[in-house]
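All ligand and atom numbering here is 1-based and tracks the order in the structure. Throughout, residue positions are numbered sequentially from 1 according to the sequence presented.
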Amino acid sequence: MKYNIAVLPGDGIGPEIIKEAVKILERTGEISGNTFDFRYGQVGASAIESHNDPYPEETHRICLESDSVLFGAIGDPRYDNDPGAKVRPEQGLLAMRKKLGLYANIRPVKVFDSLIERSPLKKEIIEGVDFVVIRELTGGIYFGEPRGRTEDGEKAFDTCMYSREEIKRMLDLAYKTAAQRRKKLTVVDKANVLSSSRLWREIAREEAKKHPEIETDYMFVDNAAMQIILAPGNFDVVVTENMFGDILTDEASVITGSLGLMPSASVGDTTSLFEPIHGSYPQAAGKNIANPLGTILSASLMLDYLGLKAEAERIEAAVRKSLEAGVVTRDLDNKSGYGTSDIGDFIKSNL
Ligand code: IPM
Ligand code: MG
């Protein structure tokens, strides 16, 4: 079959890691008799430079016309250090999520046995951990209006707003995911303080009644932040609003000791998008030292969503092989002499 894939390399290490993932996809296509037709689009700081828009219309069109989107990273320190900048690369990411209707971000948190020693947690706590965080992605305080400064500039405010519909579709996805896993759902909120969280809790309780086969529990976000470190093995599926999810998923991703390996999927109304979670890592850009595994595993996740399960598994197995053989970048082994492209080559030849 033929698949149209939108490829958005973005900023920092984005182009280098995407190049490796595309290499792997091309080879996977050759082996399995599928064709991947790649169409490239600009996003982030590079799109501000070329189009004065971090998510240009042209990129949006490419995404909409594709079967799925493979995305690298966004972010550039030139903008981080300029709070007065009118256009920011991150706005491109938010606009892309909103315009593509990508209302849920799914981040698996899984431990690779060969990397367990790298976890900041004790081996007995992290061993066997396997959960998934489902974060709301197009609502809440990152999008709510009104927002801004008061006239005298002395106060600033944001709005956290959720509709019943936005919450309900998240719970639907969360229950669907839990049903395919260990049948446990943790709803994370701050219902003891926030009214938006109380609406989440109210709808979650209604939905829980419709899913008696799933064990549902409720946790305040501050406690959840602790439990992810104290007893990560107790989680199966976690569902939460946008900002809580942003914070908890960064926390969750580092406990496995392999931030550079974590893929994610953003799904919703239109084309789904796949990206590594580690960001643009500008200090490493252009040096051939960035770890491409998170992007390669995102490509694998993408194939899984496209229904190409065997092909997805083939890539995952080759990634495991590279970890076991110690063919990894220096973030995973500081004595490593392998560069970004060596990892891609190794995986390609082990598919
Ligand atoms: C993420 C990132 C983004 C977010 C930023 C870059 C806007 O941190 O995908 O988690 O906060 O959503
Ligand atoms: Mg984040």
Starting from [atom], find the nearest protein heavy-atom neighbour and note its residue, name and distance.
| atom | answer |
| --- | --- |
| atom 8 (O) of ligand 1 | D246 OD1, 3.5 Å |
| atom 9 (O) of ligand 1 | R97 NH2, 2.7 Å |
| atom 6 (C) of ligand 1 | E90 CG, 3.7 Å |

Sidechain N-carboxylate O distance under 4.0 Å for K210, E207:
yes
Check E136 with R97, please: is the shortest side-chain N to carboxylate O separation under 4.0 Å?
no
Checking Y281 against N291: is there a side-chain donor and acceptor pair closer than 3.5 Å?
no
Donor on one side chain, acceptor on other, T216 and Y175, under 3.5 Å
yes
side-chain contact (heavy atoms from CB on, under 4.5 Å), paired with K184, selected from N234, I214, V238:
N234
Under 6.0 Å between ring centres: does that hold for F274 and Y305?
yes
[X] neighbourhood, listing ligand 1 atoms whose heavy-atom distance to it stays under 4.0 Å:
| X | value |
| --- | --- |
| Y142 | 11 (O) |
| R107 | 1 (C), 9 (O), 10 (O) |
| R135 | 1 (C), 4 (C), 9 (O), 10 (O), 11 (O), 12 (O) |

Below 3.5 angstrom, do we get any N/O pair linking D250 and ligand 1?
no
Ligand 1 contacted by Q91 (non-hydrogen, < 4.0 Å)
no
Only pairs at least two apart or in different chains count here, so list each side chain to side chain donor-acceptor pair (under 3.5 Å) that has a residue in residues 66-80.
E49-R78, D76-R78
With carbon and hydrogen excluded and only N/O/S kept, which atom of D246 is nearest the Mg ion (ligand 2)?
OD1
Using a 4.0 Å heavy-atom threshold (strictly under), name the region of E275 that reaches ligand 1: side chain, backbone, both or neither.
neither
